[in-house]
Amino acid sequence: MNPITRPLGALSAGLLVLSLAACGDDAGPAPAESSSPDSAPIVLEHAQGETTLEAPAQRVVVLDLGALDTVAALGAEDQVVGVPNTGVMPEPLSQFEDEQYTTVGSTLEPDLEAIAALDPDLVITGFRSAPLTEELSSNFNTIDVTFDTTESFYDGIEFSTNLIAEALGAEDEAEEQLAEVADALENAKAVAPTDQNALILLTSGGKASANGPSGRFGIIHTELGIQPTISDDEIEVNEHGDAISFEAIAEADPDILYVIDRDAAIGQEGEAAEQVLDNELVATTTAWSNDNVIYLDGSRWYIMRHGVDNAVEMLNEAVEGF
């Protein structure tokens, strides 16, 4: 049975009791057991400070799906004990639906009692769950893998991957995975149609929103060099893009349309992206006429986009067919 999700603040006192029961006189987070009396502590510098482990974490709760993708890519699935209840787990992470992984609330409202019962060496947060880091840190060793998505894509992936690898003792695996990202990035840049422009659309609830170079899918422009049909100055930059009408799409007349179906990504019922855009106005665009409408995997681009294995798949998908 899944544990009941409860607000963070309401459980502080209860967690203190749990911590005392589990750790004797030490009311702080339980450190990982050292594999050697002479092993040096692991100091992890993350997005919100420092966390010190006595040894690589063997019992890990992961509250961010991009981080979970990286943990899996590093071959550390067996070190995971808790995952968020997402409603629909992305297919590439379907192995974490197994009953051996306890669900610990959502990415926005984790169940502290369920986490405490797992006695984790480490809790990993990031992006949507990043605001929880400070409160979680008062009870558990916690790291935040968030990075600035408007900066270098590779540097961000490198930061989060190396941070997780150091925490789990998987540095060699991280080096191999990052080499694959670097290769995929160079290959994608080599074939990307930089002489064309593209409009990135997110569909949800039968409507579309436009996303520019500074948006969450901006690597198509900033990393691959495909020109934006609509600049950042012309749209409002936010997590879901700026609402755009079908008339405006037709007027912009993109060479390429990249489309992410948000409803499908989050398991919400709704009109599929292909149906949303199948109308007379969108059909007048150069992209539609030349069959240059690319439907990107919503799970990868909307939910898991900062995972190290996922990064390779995203880059490959962005230029597939060019």
Side-chain angles (χ1 to χ4, degrees), residues 66 69-70 73 90 92 127 146-161 177-203 208-242 244 249 252-262 265 273 277 282 285-322:
D69 173 80
T70 296
F127 297 90
T146 303
F147 57 84
D148 186 350
T149 56
T150 65
E151 299 296 332
S152 163
F153 179 66
Y154 178 83
D155 288 351
I157 297 294
E158 181 181 45
F159 162 76
S160 62
T161 300
Q177 292 295 321
L178 288 169
E180 290 188 21
V181 176
D183 287 345
L185 183 56
E186 288 306 308
N187 292 338
K189 287 180 177 180
V191 300
T194 56
D195 59 337
Q196 299 184 50
N197 67 76
L199 177 59
I200 307 169
L201 297 176
L202 181 74
T203 66
S209 58
N211 294 260
S214 296
R216 67 194 298 172
F217 316 116
I219 64 168
I220 287 171
H221 304 304
T222 59
E223 300 289 339
L224 304 187
I226 301 175
Q227 301 169 41
T229 306
I230 301 177
S231 69
D232 284 340
D233 294 336
E234 299 174 272
I235 60 175
E236 181 181 346
V237 179
N238 59 52
E239 278 291 281
H240 295 131
D242 194 9
I244 187 171
I249 294 172
D253 191 22
D255 297 326
I256 306 165
L257 270 173
Y258 283 101
V259 185
I260 300 101
D261 188 330
R262 178 179 179 271
L277 299 180
V282 177
T285 62
T286 301
W288 195 276
S289 300
N290 292 339
D291 199 23
N292 271 344
V293 182
I294 301 170
Y295 296 94
L296 300 171
D297 185 325
S299 293
R300 293 196 176 282
W301 285 80
Y302 186 76
I303 296 176
M304 300 163 51
R305 65 190 189 281
H306 40 277
V308 67
D309 179 69
N310 190 64
V312 174
E313 298 301 324
M314 284 174 59
L315 290 166
N316 290 342
E317 187 177 37
V319 296
E320 186 178 1
F322 290 120

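Numbering starts at 1 and runs along the sequence shown. Only a predicted model underlies this, so the values are computations on that prediction, with no experimental measurement involved.
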Note to self: Does V259 form a side chain to side chain contact (heavy atoms under 4.5 Å, CB included) with L296? I'd like the steps, not just the answer.
What the structure shows: CA-CA 6 Å; V259 185; L296 300 171; over 6 Å; no
Check: Do D253 and T286 get their side chains close enough for a donor-acceptor pair, meaning under 3.5 Å?
Finding: yes
Roughly how far apart are [X] [atom1] and [Y] [atom2], rounded to 0.5 Å?
{"X": "D242", "Y": "L202", "atom1": "CG", "atom2": "CG", "value": "12.0 Å"}
{"X": "D183", "Y": "L185", "atom1": "CG", "atom2": "CG", "value": "9.5 Å"}
{"X": "I226", "Y": "K189", "atom1": "CD1", "atom2": "NZ", "value": "12.5 Å"}
{"X": "T203", "Y": "I260", "atom1": "OG1", "atom2": "CD1", "value": "8.5 Å"}
{"X": "I219", "Y": "Y154", "atom1": "CD1", "atom2": "OH", "value": "14.5 Å"}
{"X": "N211", "Y": "L199", "atom1": "CG", "atom2": "CG", "value": "8.5 Å"}

Check: Under the side-chain hydrogen bond (donor to acceptor under 3.5 Å, both in side chains) rule, what pairs show up with a residue in residues 301-312, not counting sequence neighbours?
Finding: D64-H306, H240-Y302, R262-Y302, R300-N310, W301-E317
Checklist line | Inter- and intrachain pairs under side-chain hydrogen bond (donor to acceptor under 3.5 Å, both in side chains), touching residues 192-202, at least two apart | finding: N197-T229, N197-D255
What is the minimum heavy-atom distance between [X] and [Y], and which atoms define it?
{"X": "M304", "Y": "P92", "answer": "CE-CB, 3.9 Å"}
{"X": "S214", "Y": "T150", "answer": "O-CG2, 4.2 Å"}
{"X": "A188", "Y": "L224", "answer": "CB-CD2, 3.6 Å"}
{"X": "L315", "Y": "V181", "answer": "CD1-O, 4.1 Å"}
{"X": "I256", "Y": "P193", "answer": "CD1-CG, 3.7 Å"}
{"X": "I303", "Y": "P90", "answer": "CG2-CG, 4.3 Å"}

Checklist line | Residues forming a side chain to side chain donor-acceptor pair (under 3.5 Å) with S289, sequence neighbours excluded | finding: none
Notebook entry, point to check: Residues in side chain to side chain donor-acceptor pair (under 3.5 Å) with N290, at least two apart?
Noted result: none
Can you find a heavy atom in the side chain of [X] that is under 4.5 Å from one in the side chain of [Y]?
{"X": "W288", "Y": "V293", "result": "yes"}
{"X": "I200", "Y": "L257", "result": "no"}
{"X": "I294", "Y": "N292", "result": "no"}
{"X": "V312", "Y": "Q177", "result": "no"}

Check: By ring-ring contact (aromatic ring centres under 6.0 Å, His included), which residues pair with Y258, not counting sequence neighbours?
Finding: none
Check: Looking at residues at least two apart in the chain, or sitting in another chain, which of them share a ring-ring contact (aromatic ring centres under 6.0 Å, His included) with F147?
Finding: F127
Next item on the list: Look at atom CD of E320 and say whether more than 12 heavy atoms of other residues, nucleotides or ligands are closer to it than 6.0 Å.
Entry: no
Item checked: Donor-acceptor contact present, side-chain D148 to main-chain G156, <3.5 Å -> no
Note to self: For the backbone of P213 and the side chain of T222, can you confirm whether one donor and one acceptor N or O come within less than 3.5 Å of each other?
What the structure shows: no
Checklist line | Audit row: T161, E158, side chain to side chain donor-acceptor pair (under 3.5 Å) steps and yes/no | finding: CA-CA 5 Å; T161 300; E158 181 181 45; over 6 Å; no
